[in-house]
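Each chain gets a letter, A, B and so on, in the order the sequences are listed, and its residues count up from 1.
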2 protein chains.
Amino acid sequence: MATLKEIGLELGLSPATVSRALNGFPEVSAKTRDRVREAAERLGYRANRNAQRLVSGRSGMVGMIVKTRADLRADQTFMEILMGLSAALADRDTDLVLAVDQGRDPVAAYRRMLERDMVDGFILNAPVMDDPRINFLREAGVPFVLHGRDRLDADYPFFTIDNYAVAAESVQLLAALGHKRIAFLNGPVLYSHAVRRRAGYLDAMARFGLPVAEGALTHDEPSEAAGYRQAVSLLAGQRGAPPTAFICSSTLLAEGVMRAAKDRRLSVPEDVSVMAHDDDLPLLRAISFTPALTVTRAPLREACIPVATALMDLIGGTDPAELQTLTRAELVVRDSTGPAPRNGDTPWP
Amino acid sequence: MATLKEIGLELGLSPATVSRALNGFPEVSAKTRDRVREAAERLGYRANRNAQRLVSGRSGMVGMIVKTRADLRADQTFMEILMGLSAALADRDTDLVLAVDQGRDPVAAYRRMLERDMVDGFILNAPVMDDPRINFLREAGVPFVLHGRDRLDADYPFFTIDNYAVAAESVQLLAALGHKRIAFLNGPVLYSHAVRRRAGYLDAMARFGLPVAEGALTHDEPSEAAGYRQAVSLLAGQRGAPPTAFICSSTLLAEGVMRAAKDRRLSVPEDVSVMAHDDDLPLLRAISFTPALTVTRAPLREACIPVATALMDLIGGTDPAELQTLTRAELVVRDSTGPAPRNGDTPWP
DNA sequence: CTGAAAGCGCTTACAG
DNA sequence: CTGAAAGCGCTTACAG
């Protein structure tokens, strides 16, 4: 590995000038800058990160703490986020330090990392309402960015989709197709995104004058098995007249709903419409469903760069208020949704 | 953060002596060592890793490159390994750098990390037979450790269970229970562990004088769906007389087999015995199956510390030949295996 | 526009 | 047994 000194020797320049040239300082002449860059390229120069970090006083690492929970989908979405964040942070010469939250105290793992001065900031995901981790980190004065948002009046940097709109727009699409009995299989109500989607669903149903039957709004883990279980029960009419449409908080749930419909010899979308929110996981393509699944689509992958960038900017001193992003999922209408069937004219009482 | 200098000032010692005391150099007097340690503790001293790395000339990071494959289980086992390795490496003050292997060239991602001098070594998992990554890294002279083994005469550091024995012992247990038609649902034959298990199964069957029907040995992805699919086909007698026992290369496959048996109103273990190899994933407990699953058990978690330690030792100069570990899975007999049923007396032709 | 110097926090020959 | 000194590779006031 070449060093600044070696490049300097080669060019008859001081290491200081080489450093400035490489870092794009304006006072360096264009000619010197170009010569230095050429030589650096030729000699395969790469800055020694440890030296840079030593002098800047930063660790060059950011932390992420994983909650171990019995949530099968967590693996898939989490892997997706993990890969995306690693890549985005690597572009900023920053490493991601992972730790597992083993215990009952939700902030213990954060406290430990902080005491060890290991990281320059944190990335949090899957917030619950009024997340205790957020209060802790705010008081500790540590930079952090949320993927998601634990309260509407958040004053910290975050990146999230509009989860209220996700549910409301799904209802709107189905209502426009004439559906009156629309079930919503939501995620665990623990998570703030599920709380927002719940509100979006209920408000939209009310706006269209559609009552919601007892049991038509469920909160369960995002798995194929849970989707199947809930759909079987609803389609059997165990909780009032069966729905003519299902909105699912994840494509895994939709898989289970499709299987339940098939078991009852109901065809999609003729007898029952199915749609889902789609994180766009590479291993679970909504477009590969039969029929292709209508979704509100928001690739998890696309959240990674903004989240990583926001954290780096925050550490660099940017005002947190400028680092809040609320985006919308894209409505992708495919073949799993259609006009309400004949027998679907009656709303729930 | 306290520094060596500050501790030295506090105690009237030089930073050099403080460094030696903290690093346990033998020439430091016991009294000085204790004083230094006490002061370090009191001041909350933590060595600055970047300074240590700068002076040692090491990056303090090791790389791991994930193959993105359409293998659902990969997520779960991979997460398990990832968490375990992060923790084990953190204990050695080393970070794990993750990258995703996007493309067709299996060594491209390794080459890139190497060129950037980013890591001191690599951890590889899920080897295929005569893995090209291994040849590449060996020629490049880079330290690496395998979780698994791509050939029997491996000359590099590895940690693996005896996969031949996993299959052979399973056959042995079932043969001792009087089973004669034993099917083996194996993983993708691409992977070396599947190749070894295949050999163990075939050899053991031969040793007990049991022919193997066409189609009784399958190679499929380790998923519940694949287990179900294979078991349905075998139990229907589509590939000769139905098996009276199933050995599964993963607990996910066993889940599918159990479901298939239930669908056919076969009870486990009265009508059919089921056993599996168990990586002991926290989200998929063999003991929670109904009936509790008989397994060859080898917690993935337990491989992480030896793998991480081996890599650190290798980087530290230990002879690779001393860093090869072959362990055995533990046979845990539970309730899903029992004596062969009446109709199971005839071996396959 | 460029250089000489100091310093980030640590380790380790070299002296004594 | 301990200290003074040099050095790892970089950055950045301070001079000129």
Side-chain angles (χ1 to χ4, degrees), chain A residues 1-37 39-40 43-61 92-95 116-120 315-317, chain B residues 1-37 39-40 43-61 92-95 116-120 315-317:
Chain A
M1 284 296 281
T3 65
L4 289 186
K5 201 161 116 188
E6 285 167 27
I7 298 178
L9 244 39
E10 175 98 1
L11 262 32
L13 288 170
S14 73
T17 300
V18 176
S19 169
R20 284 187 282 247
L22 256 17
N23 289 310
F25 279 46
E27 62 263 33
V28 179
S29 74
K31 192 177 145 201
T32 304
R33 184 176 12 86
D34 293 345
R35 284 177 61 217
V36 169
R37 295 219 165 138
L43 299 174
Y45 173 79
R46 297 246 100 216
N48 180 317
R49 281 196 207 176
N50 293 316
Q52 288 180 317
R53 290 171 181 179
L54 178 59
V55 73
S56 74
R58 290 200 190 137
S59 76
M61 305 194 283
R92 306 291 222 106
D93 277 350
T94 299
D95 297 316
R116 299 186 157 221
D117 243 351
M118 277 181 65
V119 295
D120 302 324
I315 292 170
Chain B
M1 285 294 282
T3 64
L4 289 186
K5 200 163 118 186
E6 286 167 26
I7 298 179
L9 245 37
E10 175 98 2
L11 262 33
L13 289 169
S14 73
T17 300
V18 176
S19 169
R20 283 188 281 248
L22 255 17
N23 289 308
F25 279 46
E27 62 263 33
V28 179
S29 75
K31 190 176 147 202
T32 304
R33 182 173 17 83
D34 292 346
R35 283 177 63 215
V36 168
R37 297 221 163 136
L43 299 175
Y45 172 79
R46 299 246 100 217
N48 180 316
R49 280 195 207 175
N50 293 315
Q52 287 180 316
R53 290 170 180 179
L54 178 59
V55 69
S56 75
R58 290 200 191 136
S59 75
M61 305 195 282
R92 305 291 222 104
D93 276 350
T94 299
D95 297 315
R116 299 186 157 220
D117 244 351
M118 277 181 64
V119 296
D120 301 325
I315 291 171

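Remark: the backbone N or O of A:L11 is paired with a side-chain donor or acceptor of A:R35 at under 3.5 angstrom. Listed for the B:D120 side chain is a donor-acceptor partner under 3.5 Å among the backbone atoms of B:S59.
When side chains are defined from C-beta on, A:T3 does not count as touching A:N48, because their heavy atoms never get closer than 4.5 Å. Here the side chains of B:M61 and A:D95 are in contact, with some heavy-atom distance below 4.5 Å.
Nucleotides of DNA chain D with any atom under 4.0 Å from a heavy atom of chain A span, from 5' to 3', D:dG9 to D:dA13.
Of the residues in residues 20-32 of chain B, those with a non-hydrogen atom less than 4.0 angstrom from any atom of DNA chain D are B:R20, B:E27, B:V28, B:S29, B:T32. Using a 4.0 Å cut-off on heavy atoms, the residues of residues 50-58 of chain A that approach DNA chain C are A:L54, A:V55, listed by number. For the contact set between residues 2-18 of chain A and DNA chain D, defined by any heavy atom under 4.0 Å, the members are A:T3, A:L4, A:A16.
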Return one dot-bracket line describing DNA chain D 5' to 3' (Watson-Crick or G-U wobble pairs, both distances under 3.5 Å; ( ) same strand, [ ] crossing, | another strand, . none).
|||.||||||||.|||
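Between A:R49 and A:D93, the shortest heavy-atom contact is NH2-OD1, 3.4 Å. Closest approach of B:L13 and B:T32 over heavy atoms only: CD1-CG2, 3.7 Å. Taking both residues in full, the closest heavy atoms of B:R53 and A:N50 are given as CB-ND2, 3.4 Å, listed atom of the first, atom of the second, then distance.
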Mind listing the side-chain donor-acceptor pairs of residues 14-22 of chain B below 3.5 Å, one per line with the distance, residues two or more places apart or on another chain?
{"unit_1": "B:S14", "atom_1": "OG", "unit_2": "B:A16", "atom_2": "N", "d": "3.4"}
{"unit_1": "B:S14", "atom_1": "OG", "unit_2": "B:T17", "atom_2": "N", "d": "3.2"}
{"unit_1": "B:S14", "atom_1": "OG", "unit_2": "B:T17", "atom_2": "OG1", "d": "3.2"}
{"unit_1": "B:S19", "atom_1": "OG", "unit_2": "B:N23", "atom_2": "ND2", "d": "3.4"}

